[in-house]
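Inspection log for the structure reproduced underneath, given as structure tokens.
In the text below, chain A, chain B and the rest are named by the order of the sequence lines, each starting its count at 1. Since we're looking at a predicted model, the values are computed, not measured.
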Amino acid sequence: MAEIVLDKVTKRYPDGALAVQEVNLEIADGEFIILVGPSGCGKSTTLNMIAGLEDITDGELRIGGQRVNEKAPKDRDIAMVFQSYALYPHMTVKENMAFPLRLAKVDNATVEKKVNDAAEILDLTQHLDRKPSNLSGGQRQRVAMGRAIVRNPKAFLMDEPLSNLDAKLRVQMRTSVSRLQKQLGTTTVYVTHDQTEAMTLGDRVVVMRGGVVQQIGAPQFLYDQPANLFVAGFIGSPSMNFVPATLENGSLRSILGDVTLTDRVRQLVEGADAPREVIMGIRPEHFEDAALVDAAALSSGGKFTQHVDVLESMGSDKYAYFNLTGEQAASAELQELAADAGSDDVPGDGISLVTRLSSASGAVEGASSEIWFDADKVQLFDPSNGRNLTYTER
Amino acid sequence: MAGIGGAETPAKKWGWGVLNTVVVIYALIPVLWIVSLSFKSSKTLADGNFIPREWSLENYQNIFSTSEFTRALINSIGIAIIATAIAVVFGTMAAYAIARLDFPGKNLLVGVSLLIAMFPQVSLVSPLFEIERSLGLFDTWPGLILPYITFALPLAIYTLSAFFREIPWELEKAAKMDGATPGQAFRRVIAPLAAPGVFTTAILVFIFCWNDFLFAISLTSTEQSRTVPVALSFFTGSSQFEDPAGSIAAAAVVITIPIIIFVLFFQRRIVAGLTSGAVKG
Ligand SMILES: Nc1ncnc2c1ncn2[C@@H]1O[C@H](COP(=O)(O)OP(=O)(O)OP(=O)(O)O)[C@@H](O)[C@H]1O
Ligand SMILES: [Mg+2]
């Protein structure tokens, strides 16, 4: 029984840096929660506060219903996996995994059994007597996991545990982490800035920005209903396209042509008290080659004809990239996302657009192509504060 | 002689070999000379032969026959070991704090210890002499141990804090998460990893204390606390006309032995410690 509750938890470092602001989060027993966000947004700080490695400046942290703000890490019964693995270099794999048990004064026979069981699960049995320095990256990662699981803690905390592995191993370990967590059913808080890990691993995802929680929800929900521009741009790869647009009598005017809002969207927009100038967001998969869309859909959606800049055929799909002349959608959130992705210094005026078309599309690189988009999938954002004007709880 | 860079030609190897041999011989001849002297009998002492004509243990018997040398040996061993132990223990704690914690006055502390290490020892001799006389520390073990610690501690802090900085912070956090108290984390994780540093420091400090002559001659007056380097300088022959060189040589050989043992013993630990120190790859 270990649900973890963060109640207006705030962290201010001694140098005055406000790293985490009033985070409210209720993690259910056995839940797998992902903290995600760009570098420096306070993920590690939040995790370290749960662990007890950083003091909580303000607010309350409860584990299993008990306030633990003042408890030392060792009294919280939580295990942590570090990005650098932090294996004890002077101990063998076996001693590393047995260390928490030895500290807990568990008797020898039990230690032996638990370590062997954990080694079995993690496929480390043949490496038990080796030193960490002689292991591969993936093996070290598993030893770090093993050290966490041997003592059946109330919760696991993992700070970017896979980021030191190469891409292929990371995919493998991702599935095994997921399987392990299901098998053990232990509450887990997992920090990552890899949004694939965020989408695939967690029951729920917490998106943070500058120490403030932006949105909490199931991965699919965040994808479909981002609460604001930041979440919309952060979740999804390739990310959502943003285009400045004007709302006028129930229709939307932009560089992608005029389109009449669907009833659903119009109701939401009216309810949200939208301004005239908005930012329109469309995910790549909501575009299609106009030639492949049936007449009914064609007339209700938006259409534009543009020059295909780059075409990438993935076999199952085709990605068509466009570079449209016009003003980029401007907002603080989008700038921050661009900075985090490292694309803020890529020269390029105009709007770049990524579309995912069916493999049957006849689009050709360098030639013009007529592209349709689904008007009902359009999301509209308020440029002044990033709020999603088309957000619904469902 | 061989130049720098380029391929390893046989000629180059030869050049280096010759150079190394010359350096080693240059360093070892005086040592061998002393060893040779120590085994000569008093009659052949001054014959100038490199290899003694007749081997004798006369000199060794001489130095161990009086309390002058044995007592000095005990003083030296006792004082050096106590000073080393204290300097290393306090040095470890101070270095750990300096490497790990941010506390007010940290830079000042480091600066002051650097200052002490650089202070010319000669200029301290007379004040120390006066102080120790009025405190009753003159010519006692603590009277030497204290100044040794004073000068050895900065050395210990410097060497050790370099070693502590090498140990990843996260290991300590990991130990805490695994349920260790700060004391347990230090003893079971940090200390074993810092061991090579501690041994290195111990060797350096021990050699410093063992070899000191300046303090030992100024702050002692009797056999009660005189250390070997000083006792050597007081050696006289059994008569006015006898040359004490043989006894001095024998004593010099004897006092080199603890150092060699100390280094050989700890060297293995240092090497073992260093090779297991790898954390990330
Ligand atoms: N010890 C510290 N003292 C002062 N400020 C700190 C300290 N540690 C972190 N910060 C600040 O707190 C903010 C959050 O840092 P944190 O390490 O939690 O980020 P993060 O989300 O884990 O980033 P990353 O993905 O790069 O690991 C940053 O702005 C950072 O500069
Ligand atoms: Mg971090």
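With a 4.5 angstrom heavy-atom cutoff, A:Ile78 touches chain B via backbone and side-chain atoms both. For a residue to count as touching a neighbouring chain, one of its non-hydrogen atoms must lie under 4.5 Å from one of that chain's; by this rule B:Gln184 touches chain A with the side chain only. Within the 4.5 angstrom heavy-atom criterion, atoms from both the backbone and the side chain of A:Ala51 approach chain B.
Under a cut-off of 6.0 angstrom, the local environment of NZ in B:Lys106 is crowded, with over 12 non-hydrogen atoms contributed by other residues, nucleotides or ligands. Within a 6.0 Å sphere centred on CZ of B:Phe90, other residues, nucleotides and ligands contribute 12 heavy atoms or fewer. Annotation: B:Tyr26, atom OH; neighbour count of heavy atoms from other residues, nucleotides and ligands within 6.0 Å does not exceed 12. Shown here is B:Gln121, whose CD atom has more than 12 heavy atoms of other residues, nucleotides or ligands within 6.0 Å. For B:Trp169, the CH2 atom is densely surrounded, since the number of other residues' heavy atoms within 6.0 Å is greater than 12.
Screening A:Arg76, A:Arg147, A:Lys74, A:Met80 against B:Met177 for a side chain to side chain contact (heavy atoms under 4.5 Å, CB included) leaves a single residue, A:Met80.
Of the possible polar contacts, none joining the A:His90 side chain to the B:Ile190 backbone as a donor-acceptor pair under 3.5 Å is found. At distances below 3.5 Å, at least one donor-acceptor pair connects side-chain atoms of A:Tyr88 with backbone N or O atoms of B:Ala175.
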side-chain contact (heavy atoms from CB on, under 4.5 Å) evaluation trace for B:Glu170 with A:Tyr85: CA-CA 9 Å; B:Glu170 287 206 329; A:Tyr85 315 142; over 6 Å; no
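Residues B:Leu171 and A:Pro89 form a side-chain contact, since some pair of their non-hydrogen atoms from C-beta on lies under 4.5 Å apart.
Put simply, NZ on B:Lys176 and CG on A:Leu103 are 14.0 Å apart, with the number rounded to the nearest 0.5 Å.
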